[in-house]
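Read through the structure below, which is laid out as structure tokens, and then see the notes.
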Amino acid sequence: MGVAQVQNELSVYQSMAARFDTAAEKLKLDEGLKKYLRTPNREIIVHIPVLMDSGQLEVFDGFRVQHSIARGPAKGGIRYSPDVTLDEIRGLAAEMTWKCAVVNIPFGGAKGGIICDPNQLSLGELERITRRYTAEILDYIGPERDVPAPDMNTNEQTMAWIMDTYSMHVRHTVTASVTGKPLDLGGSRGRREATGRGCMIVCHEALKRFGRRIDTTRVIIQGFGNVGSQAARLMYEAGYKIIGVADVHGGIFNTHGLDIHALIDYVSEHKTVVGFPDGESIGNQEILEQDCDVLIPAATESVITSKNADRIKARILVEGANSPTTPPADDILFDRGVFVVPDILANAGGVTVSYFEWVQDRQGYFWPEVDVNERLKHIQVSAFNDVVRYGEKHNVNNRIAAYMLAIDRVSFSLKLRGIYA
Ligand code: GLU
């Protein structure tokens, strides 16, 4: 579920580019490489004709941006939303390159999107949109080229349709063509929880740095879609006190802690957290500014801006969503001593388990969930330590440290490969 933005002071691409420029400058990156890495390799725009249930023909616009294949196949989700823009997809595709490099998995970065409102579409219409979009980008995707995954408003079913459409065209079943699939179609155990679990893992690491205990740590989560709800559940089960949760309709707040299992049952019936009996209602922007120890924005981009950053009371910010904080807000949070675990590190659990899924599909051998979770933990803890140490060494905040580390890794691969003329 998305949450309305406070104010979009910089577009997603502009935010990415501003951070890229800062990091590239600190790395003293060669001007040519800088130009190359700031721009995506390929941008595909498709106009998809779809027969609606009414019998009318409708045309939807879709995008797939492949930012980089320097370290491996392009990798990244596909989102469905009425507000998707090419600029947003371009920014998010680049962030996927940096995210995969931060956790050191052998992928480049991509992102896709279709301008549509999934709430207004039937299941049949969604399937036809998905299949035709897949057919339009078919020449550019595949296990060795570009591997889609779920993102906002897409899920396991969407991935099953993409995998099937791709497989029908190439005349055999290619489970490794997408990740985030249902378990019965080559999905990985632990993939559904992976992004939320990753947020919890980096949160544990951040607490250790401050010598804090889990059971006295108060957490607020904005967003109750796949990332927010799984983070809430896992952190609740680990002993954190979840004092506030919000979705696109509003929020619920209880300083004594919410019963997240009861809340999940409530949401499956009412489709929103609003009205949950055991707490006070609160706005989904207001909730960001409440007193807490850990804040997890897990809804949408640009919710923490220069307009509200000085009112954020959390000590630790764990970015479950992509690009929830704008660069001007970064500076304010840094000056106020907020410990930020940036999106390309905090929410990298999803793509990390996507990598495991791709590996398992290619091997045709599937791992038990404990192995998936253990390997995920190992990767995220190492990446957390790499980023924090890098930041300390170069005297930059965690976000710029994560960008520097990623850009350094990608440009090293590029230098080794050379430029094909
Ligand atoms: N959409 C998720 C992300 O933004 C997952 C991408 C993937 O698994 O490829 O990280």
Side-chain angles (χ1 to χ4, degrees), residues 1-4 53 77 79-83 116-127 130 150-161 180-184 187 189-197 199-200 218-288 290 292 294-300 303 320-321 347 349-350 369:
M1 279 176 222
V3 172
D53 292 348
R79 52 174 60 184
Y80 291 177
S81 154
D83 313 316
C116 66
D117 184 353
N119 297 318
Q120 306 295 321
L121 297 165
S122 70
L123 200 63
E125 289 167 340
L126 273 173
E127 177 173 355
T130 304
D151 198 80
M152 261 159 66
N153 295 323
T154 55
N155 54 30
E156 292 175 8
Q157 178 61 74
T158 325
M159 297 307 116
W161 291 327
K181 296 178 296 296
L183 260 187
D184 293 312
R189 292 184 179 83
R191 174 62 184 86
R192 197 180 293 164
E193 301 80 16
T195 314
R197 182 178 296 279
C199 290
M200 175 174 76
R218 298 159 308 151
V219 181
I220 290 180
I221 302 177
Q222 187 206 41
F224 210 62
N226 176 261
V227 181
S229 65
Q230 297 290 355
R233 182 178 67 79
L234 292 167
M235 291 176 81
Y236 173 71
E237 288 168 2
Y240 286 91
K241 203 159 146 189
I242 316 290
I243 60 167
V245 168
D247 63 31
V248 69
H249 306 288
I252 191 87
F253 192 71
N254 184 341
T255 48
H256 300 296
L258 294 159
D259 177 342
I260 298 297
H261 291 159
L263 183 62
I264 288 172
D265 288 345
Y266 181 88
V267 171
S268 63
E269 194 181 327
H270 297 85
K271 310 290 168 225
T272 175
V273 300
V274 175
F276 181 66
D278 192 21
E280 296 159 37
S281 65
I282 187 165
N284 54 24
Q285 290 307 317
E286 217 184 323
I287 203 164
L288 297 170
Q290 302 309 304
C292 65
V294 176
L295 176 63
I296 308 185
T300 192
V303 294
N347 71 34
E369 188 171 345

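The main-chain N or O of Thr195 is never found under 3.5 Å from a side-chain atom of Asn347 such that the two would form a donor-acceptor pair.
Here the CZ-CE distance, from Arg197 to Met235, works out to 12.0 Å after rounding to the nearest 0.5 Å. Ile282 contributes atom CD1, which lies 11.5 Å from atom CG of Asn254 (distance to the nearest 0.5 angstrom). Within the model, atoms CG of Asn155 and CZ of Arg192 stand 9.5 Å from one another, a figure rounded to the nearest 0.5 Å. In this structure, CE in Met152 is found 7.5 Å from CG in Asp83, a value given to the nearest 0.5 Å. Note that the OH atom of Tyr80 and the OG1 atom of Thr154 stand 6.5 Å from one another [nearest 0.5 Å]. With values rounded to the nearest 0.5 angstrom, Leu126 atom CG is found 9.5 Å from Asn119 atom CG.
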Please lay out, stage by stage, how His261 and Glu237 fare under the test side-chain contact (heavy atoms from CB on, under 4.5 Å).
CA-CA 9 Å; His261 291 159; Glu237 288 168 2; 2.8 Å; yes
Starting from the C-alpha separation in whole Å, work towards a yes-or-no answer on side-chain contact (heavy atoms from CB on, under 4.5 Å) for Cys116 and Leu121.
CA-CA 8 Å; Cys116 66; Leu121 297 165; 4.0 Å; yes
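In this structure the side chain of Ile243 never reaches within 4.5 angstrom of the side chain of Val219, judged on heavy atoms. Side-chain contact between Ile220 and Leu288 is absent, with no heavy-atom pair separated by less than 4.5 Å. Glu156 places none of its side-chain heavy atoms less than 4.5 Å from the side chain of Arg191. Asp117 has its side chain out of reach of Ser81: every pair of non-hydrogen atoms, C-beta onward, lies at least 4.5 Å apart. Residues Pro150 and Met159 are in side-chain contact: their nearest non-hydrogen atoms beyond the backbone lie under 4.5 Å apart. Residues Ile296 and Gln222 are not in side-chain contact: their nearest non-hydrogen atoms beyond the backbone lie 4.5 Å or more apart. Proximity of Phe276 to Ser281: side-chain heavy atoms (C-beta onward) are nowhere separated by under 4.5 Å. Within the 4.5 Å cutoff, side-chain heavy atoms of Phe224 are placed close to those of Ile264.
Scanning for side chain to side chain contact (heavy atoms under 4.5 Å, CB included) contacts around Ser268 gives an empty result, with sequence neighbours left out. Remark: Glu280 engages no residue in a side chain to side chain contact (heavy atoms under 4.5 Å, CB included) (not counting sequence neighbours). A search for ring-ring contact (aromatic ring centres under 6.0 Å, His included) contacts involving Tyr240 returns His204, not counting sequence neighbours.
Partner of Val273 under the side-chain contact (heavy atoms from CB on, under 4.5 Å) criterion, out of Val245, Ile221, Leu258, Asn284: Val245 alone.
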